[in-house]
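Data block below; observations after.
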Protein chains: 4
Amino acid sequence: MRADALRNRVRVLEAAEVVFAAKGVSASTEEIALLAGVGIGTVFRHFPSKEALLEAILLDRVAKLGAMARSLATSLDPGVALYGLFTRMVDQAVTKKTYVDALADAGFVSRIGRSQAGQEAVQALGALLVRAQQAGAVRDDIGVTELIALVVGASRAAEYATGNRAAQARTLQVVFDGLRHPDRSSGSEANDS
Amino acid sequence: MRADALRNRVRVLEAAEVVFAAKGVSASTEEIALLAGVGIGTVFRHFPSKEALLEAILLDRVAKLGAMARSLATSLDPGVALYGLFTRMVDQAVTKKTYVDALADAGFVSRIGRSQAGQEAVQALGALLVRAQQAGAVRDDIGVTELIALVVGASRAAEYATGNRAAQARTLQVVFDGLRHPDRSSGSEANDS
Amino acid sequence: MRADALRNRVRVLEAAEVVFAAKGVSASTEEIALLAGVGIGTVFRHFPSKEALLEAILLDRVAKLGAMARSLATSLDPGVALYGLFTRMVDQAVTKKTYVDALADAGFVSRIGRSQAGQEAVQALGALLVRAQQAGAVRDDIGVTELIALVVGASRAAEYATGNRAAQARTLQVVFDGLRHPDRSSGSEANDS
Amino acid sequence: MRADALRNRVRVLEAAEVVFAAKGVSASTEEIALLAGVGIGTVFRHFPSKEALLEAILLDRVAKLGAMARSLATSLDPGVALYGLFTRMVDQAVTKKTYVDALADAGFVSRIGRSQAGQEAVQALGALLVRAQQAGAVRDDIGVTELIALVVGASRAAEYATGNRAAQARTLQVVFDGLRHPDRSSGSEANDS
DNA sequence: GATGAATGAGACTTCATTCAT
DNA sequence: AATGAATGAAGTCTCATTCAT
């Protein structure tokens with residue numbers, strides 16, 4: 001790929017990330033092109049549809065998340081590693097309306113889940129979760145599906161409490177305490193579908 | 001207001017609730033009018049804009065929530081009452097795309113929060129929370145703001161896990177366990193802004 | 001349907017006919033709206049897509065053609081009637097680029113052929129053809145398919161010779177003479193599919 | 001001109017012929033470049049506009065047609081030669097949407113008619129026609145203008161009857177019979193403008 | 001000379017809102 | 001008061017053409 005093309009591709013991706021984050025996925029492609037400093041045609045040259053652009057952004061983020069999870073796979077304290085990663089993911093989501101909007105589309109979610117980057121990320125996250133459970137830092141009755149659902153939910157809760165950092169922190173603390181809470185009922189089993 | 005006008009108002013409101021719940025707030029007003037069995041002009045006569053219609057729906061729902069919370073104010077077991085209400089709210093939200101969409105708009109949220117119905121609902125919920133805390137069913141370091149944020153977040157988590165009832169249940173259980181049992185290490189205090 | 005709506009529908013249809021005739025079917029809907037004196041939205045209210053508008057025009061014309069053929073069904077001299085109708089159809093087509101363009105789309109043609117108006121028109125034309133053949137005015141070895149193909153072709157030939165009326169007349173004369181020409185070879189049979 | 005440049009020019013021309021034939025003149029230039037195996041810039045270097053490319057194709061074809069007509073000028077049976085050429089032209093046109101589309105533009109037609117290749121082709125075709133008339137194979141009251149119009153029209157008729165070879169054959173037969181045998185009643189004379 | 005990325009006008013279509021009936 | 005036809009701004013996407021590499 002030519003140098004200028006690559007530069008523009010990155011520019012568009014970054015602009016889209018900013019615009020989607022600020023205004024949600026219903027923001028116009030025109031605005032993205034404007035911010036990126038390119039013509040509208042350039043946006044569509046790199047991404048054949050608005051949906052493809054959105055998918056590229058999310059895949060990129062999922063890939064980074066997967067990389068982060070993998071880099072933590074051998075950490076000495078998997079509990080600290082997992083909760084730190086959880087916190088970071090929530091922090092990121094708060095400033096990105098993108099995920100809230102995009103993840104609301106079930107078709108989207110499953111498509112990303114089936115992608116290679118998505119599967120690798122889930123796998124890495126699952127491995128980290130298992131190690132944290134073995135270390136006694138996370139209850140045993142949940143799987144990676146529940147973990148991700150909790151990340152999504154905690155992100156949404158934090159977004160709701162925008163502007164009140166203390167409340168955000170306490171909300172996240174509740175979730176973390178629930179995750180640590182040993183499972184005494186022992187009647188339910190984790191069962192990822 | 002004439003009797004038929006009032007009837008139409010109610011019809012529109014109900015139709016809008018159904019349509020928004022099914023297709024999200026981006027559904028067209030035309031579709032709402034169709035389901036309500038009135039002309040599009042009638043919709044706009046009763047609600048000056050689509051946004052006003054959405055706000056009316058949410059206010060209505062918040063009012064009902066407030067009423068429910070008030071009716072539980074004197075229940076013998078405030079813990080059971082609060083967790084039951086929490087569960088019901090999450091269940092509702094899962095089938096109603098409306099809240100997910102609408103609550104994403106911060107301006108909306110604060111406007112509803114400032115409304116009389118909103119303030120009454122918050123107050124009733126807060127009262128129930130305090131009673132549950134006094135009964136030892138909920139940790140002491142959270143306030144009504146955190147409670148609502150957790151409802152919103154748990155709803156989002158449940159929506160994410162659509163189709164996997166077991167995962168939804170386990171996710172909610174984590175939040176409930178976190179609400180019940182604070183870690184001793186945590187020294188933070190409730191501080192609603 | 002309301003009076004004003006009907007009036008606008010007719011206006012749009014007439015404007016579309018003019019514009020398509022002048023510039024071909026690739027003319028813009030915007031231009032049609034402009035000529036009709038209505039907003040672009042009105043065009044799409046009456047016809048949900050550009051294709052639907054085009055189809056409406058052609059169906060209207062086919063229906064008129066069918067009516068003409070039926071009104072000639074009992075004429076005393078079916079030969080004169082058929083050649084007269086043939087001539088009129090060619091005359092119309094010359095000023096209407098629409099047909100040339102539209103008929104080039106096979107999907108379109110078959111859709112119109114399957115419509116009620118289309119089938120009625122074909123039937124009426126076929127009846128007139130048979131009567132003309134029985135009267136000895138048209139050779140026996142062709143069917144309605146060949147007749148229509150010849151109308152289309154003669155229209156195209158006339159369009160090619162635009163501006164040269166004498167050549168148009170002689171070209172049409174050749175086709176007519178070929179149609180009258182008795183079939184001596186007698187080895188081929190009409191076989192409409 | 002450099003050897004590679006010439007090779008590219010030919011490649012583009014051939015690709016354009018194929019693409020236009022298959023998809024009509026509204027096919028994109030990008031697709032042509034792709035099939036030709038060159039960059040889009042190369043297409044525009046050789047032909048300043050899409051229209052110029054189309055014109056080049058048609059001129060090329062007209063030139064070949066002229067050459068064919070000239071090669072038949074001295075054939076022993078000019079009638080057989082003319083009807084054979086006519087048939088071949090129709091056969092070609094059926095598989096080439098190009099002509100149908102392109103010839104619909106009057107400006108195009110006259111420009112090609114005024115070109116050297118065009119005039120030579122018309123002249124050669126005219127000479128063949130005259131010889132066929134002298135041999136008694138074609139009626140006397142038509143000129144080369146009518147002949148070409150009939151080729152165009154017969155091509156269109158054949159295209160309309162796509163998929164029904166028998167109908168195509170009978171339709172062409174009608175035209176040929178008309179060309180051979182004038183009705184005695186007709187007193188019109190050939191008069192090319 | 002060749003390439004293909006960039007451009008932006010323009011196409012079709014949707015939809016919240018207005019207004020004549 | 002109710003209706004629904006009319007409006008037109010705005011959105012996504014295509015493509016002939018230009019120009020930096």
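In this text the structure is predicted, and so the values were computed from the model without any measurement. Every chain is numbered from 1, with letters handed out A, B, ... down the list of sequences.
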Roughly how many Å is it from CG in B:L6 to P in F:dA1, rounded to a whole number? 13 Å

Rounded to whole Å, CG of C:L34 lies from C1' of F:dT7 at a distance of 14 Å

If I take atom CG from residue B:L59 and atom CD1 from residue B:I112, how far apart are they, to the nearest 0.5 angstrom? 5.0 Å

DNA chain E in dot-bracket, Watson-Crick or G-U pairs under 3.5 Å, [ ] crossing, | other strand? .||||||||||||||||||||

Closest-nucleotide 5' rank along DNA chain F - winner of A:R7 and B:V38: B:V38

Are the side chains of C:F44 and C:L53 in contact, using a 4.5 Å heavy-atom criterion? no

Set of side chain to side chain donor-acceptor pair (under 3.5 Å) partners for A:R2, sequence neighbours left out: A:D4

For residues B:A16 and B:I57, report the shortest heavy-atom separation together with the two atoms involved. CB-CD1, 3.5 Å

Output every pair passing salt bridge (charged side-chain N to carboxylate O under 4.0 Å, His left out) with a member in residues 37-60 of chain A, not counting sequence neighbours, ordered by first then second residue. A:E51-A:R111, A:E55-A:R111, A:D60-A:K64

Contact boundaries of DNA chain E with chain A (under 4.0 Å, heavy atoms), 5' to 3'? E:dT3 to E:dA9

Tell me whether the OP1 or OP2 atom of F:dA1 has a side-chain N or O from B:H46 closer than 4.0 Å. no

Per-nucleotide protein contact string for nucleotides 9-16 of chain F, where B marks a base within reach and S marks sugar-phosphate only (heavy atoms under 4.0 Å, - for neither): B-SSBB-S

Basic-acidic side-chain contact under 4.0 Å: B:R11, B:E14: no

Give every residue pair that meets the salt bridge (charged side-chain N to carboxylate O under 4.0 Å, His left out) criterion with at least one member in residues 30-44 of chain C, sequence neighbours excluded. C:K23-C:E31

Which atom pair, heavy atoms only, marks the closest approach of B:A56 to B:F47? CB-CE2, 3.8 Å

Say you draw a straight line from CG of C:L34 to OG of C:S28; how long is it, rounded to the nearest 0.5 Å? 8.5 Å

Please report the shortest heavy-atom distance between B:G118 and B:S115, naming the atom on each side. N-OG, 3.0 Å

Phosphate-side-chain proximity, B:N8 and F:dA2, N/O vs OP1/OP2 below 4.0 Å: yes

Atom pair CD1 (C:I32) and CD (C:E17), whose distance is rounded to the nearest 0.5 Å: 11.0 Å

Would you kindly compare C:A3 and A:G37 by the position of their nearest DNA chain E nucleotide and give the one closer to the 5′ end? A:G37

